[in-house]
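Quick notes on the structure that follows.
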Amino acid sequence: HALASEKPIVDLRLLRYPTLRASVFGGGLFFMGSTSVVFLLSLLFQIGFGLTAFQSGLITFAVAAGALSTRFVIGNVIRIIGYRRLLAVNALVTAAYLFTCSRFDAATPYAVMVAVLYIGGVSRSLQFTSVQTLCFAEVPPAARPIPSFRAPAVPTGWRGLSPAPGSRSAIPARLRC
């Protein structure tokens, strides 16, 4: 239906544009992998470290604070650094963030966790925003309302899928059902 209809709800023909396709699939995989971290860290803090839900929420709130703080500077950062360099460097920063989160244990000071999660929030927000805006690079102006209307729906779909693979990899094999 999406390929045969003149005005489909989801226009799959837009995926012929490489930047839009990369934004949807590559950005979606990044989104899926990095959004599950906050969910899994909250479980780690509560179940593994014995913190309350409130304490866990206070620590993981640093991700949201980092993401919010980038909203004021993201346009200038992209303009100064450029998409390609930002995405490449930020992928390394995000990898370092994820690796550092995997090293958290009960003895890790809360201030270190909050600082790492804040940097992770900044990194994630930079990546999400730049990938979402990059999808419009090759789409002709006449077709731009279509992806701009549906662009917020793509991360939501990936978000629904994100905890499952992340939790599967985080749970030791001997504890899985």
Side-chain angles (χ1 to χ4, degrees), residues 22-78 80-81 83-135 150-177:
S23 174
V24 169
F25 295 113
L29 291 173
F30 176 86
F31 194 89
M32 189 170 69
S34 63
T35 55
S36 62
V37 172
V38 177
F39 171 73
L40 294 173
L41 283 174
S42 183
L43 290 176
L44 173 70
F45 296 153
Q46 292 175 54
I47 297 170
F49 300 168
L51 300 178
T52 66
F54 181 74
Q55 292 168 321
S56 173
L58 285 176
I59 295 171
T60 56
F61 180 73
V63 175
L68 184 62
S69 67
T70 62
R71 298 299 178 183
F72 304 107
V73 297
I74 184 70
N76 292 331
V77 170
I78 292 173
I80 293 168
I81 297 175
Y83 278 104
R84 184 174 298 197
R85 188 174 298 135
L86 174 64
L87 291 171
V89 169
N90 200 42
L92 296 174
V93 171
T94 302
Y97 153 69
L98 293 173
F99 177 76
T100 304
C101 286
S102 75
R103 309 312 306 161
F104 287 166
D105 60 19
T108 306
Y110 294 149
V112 171
M113 288 186 211
V114 168
V116 168
L117 293 177
Y118 180 84
I119 291 167
V122 168
S123 172
R124 285 178 36 184
S125 181
L126 287 172
Q127 195 81 2
F128 294 153
T129 304
S130 56
V131 166
Q132 283 293 317
T133 57
L134 185 63
C135 75
R150 291 181 184 84
V154 173
T156 303
W158 286 110
R159 186 179 296 129
L161 297 172
S162 66
S167 61
R168 171 111 176 119
S169 64
I171 299 172
R174 67 182 187 282
L175 298 178
R176 291 186 199 139
C177 296

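Numbering starts at 1 and runs along the sequence shown. For clarity, every value in this text was computed on a predicted model and none was experimentally measured.
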For Y97, check ring pair (Phe, Tyr, Trp, His ring centres under 6.0 Å) against everything at least two apart and list the hits. none

Partner set under side-chain hydrogen bond (donor to acceptor under 3.5 Å, both in side chains) for T60, not counting sequence neighbours: none

What residues form a side chain to side chain contact (heavy atoms under 4.5 Å, CB included) with F72, not counting sequence neighbours? none

Partners meeting side-chain hydrogen bond (donor to acceptor under 3.5 Å, both in side chains) with Y83 (sequence neighbours left out): T133

To check you understand the geometry: which heavy-atom pair defines the closest contact between C101 and L41, and what is its length? SG-CD1, 3.8 Å

Looking at residues at least two apart in the chain, or sitting in another chain, which of them share a ring pair (Phe, Tyr, Trp, His ring centres under 6.0 Å) with F104? none

For residues 107-116, which side-chain donor-acceptor pairs fall under 3.5 Å, sequence neighbours excluded?
{"from": "T108", "atom 1": "OG1", "to": "D105", "atom 2": "N", "distance (Å)": "3.0"}
{"from": "T108", "atom 1": "OG1", "to": "D105", "atom 2": "O", "distance (Å)": "3.2"}
{"from": "T108", "atom 1": "OG1", "to": "D105", "atom 2": "OD1", "distance (Å)": "3.0"}

Could you go through the side-chain contact (heavy atoms from CB on, under 4.5 Å) check for L40 and L44 one step at a time? CA-CA 6 Å; L40 294 173; L44 173 70; over 6 Å; no

Between the CG atom in L126 and the CG atom in L87, the distance rounded to the nearest 0.5 Å is 9.5 Å

Can you list everything that forms a side chain to side chain contact (heavy atoms under 4.5 Å, CB included) with V73? Sequence neighbours excluded, please. V77

Here the gap from I78 atom CD1 to T129 atom OG1, rounded to the nearest 0.5 Å, amounts to 7.0 Å

Could you state the interatomic distance from CZ (R124) to CG (N90), rounded to the nearest 0.5 Å? 11.5 Å

For L98, which residues count as a side chain to side chain contact (heavy atoms under 4.5 Å, CB included) partner, sequence neighbours excluded? V37, T94

Using a 3.5 Å cut-off and no angle test, enumerate the donor-acceptor pairs between side-chain atoms of residues 61-70 and protein atoms at least two apart in sequence or in another chain.
{"from": "S69", "atom 1": "OG", "to": "A65", "atom 2": "O", "distance (Å)": "3.4"}
{"from": "S69", "atom 1": "OG", "to": "G66", "atom 2": "O", "distance (Å)": "2.8"}
{"from": "S69", "atom 1": "OG", "to": "Y118", "atom 2": "OH", "distance (Å)": "2.9"}
{"from": "T70", "atom 1": "OG1", "to": "A67", "atom 2": "O", "distance (Å)": "2.7"}
{"from": "T70", "atom 1": "OG1", "to": "S125", "atom 2": "OG", "distance (Å)": "2.6"}

Using the test side-chain hydrogen bond (donor to acceptor under 3.5 Å, both in side chains), find all partners of S42 that sit at least two apart in sequence or belong to another chain. Q46, S56

Distance (rounded to the nearest 0.5 Å) between S123 OG and L117 CG: 12.0 Å

Closest non-hydrogen contact found for T52 with Q55 is N-OE1, 2.8 Å

Can you name the side-chain hydrogen bond (donor to acceptor under 3.5 Å, both in side chains) partners of S130, sequence neighbours left out? none

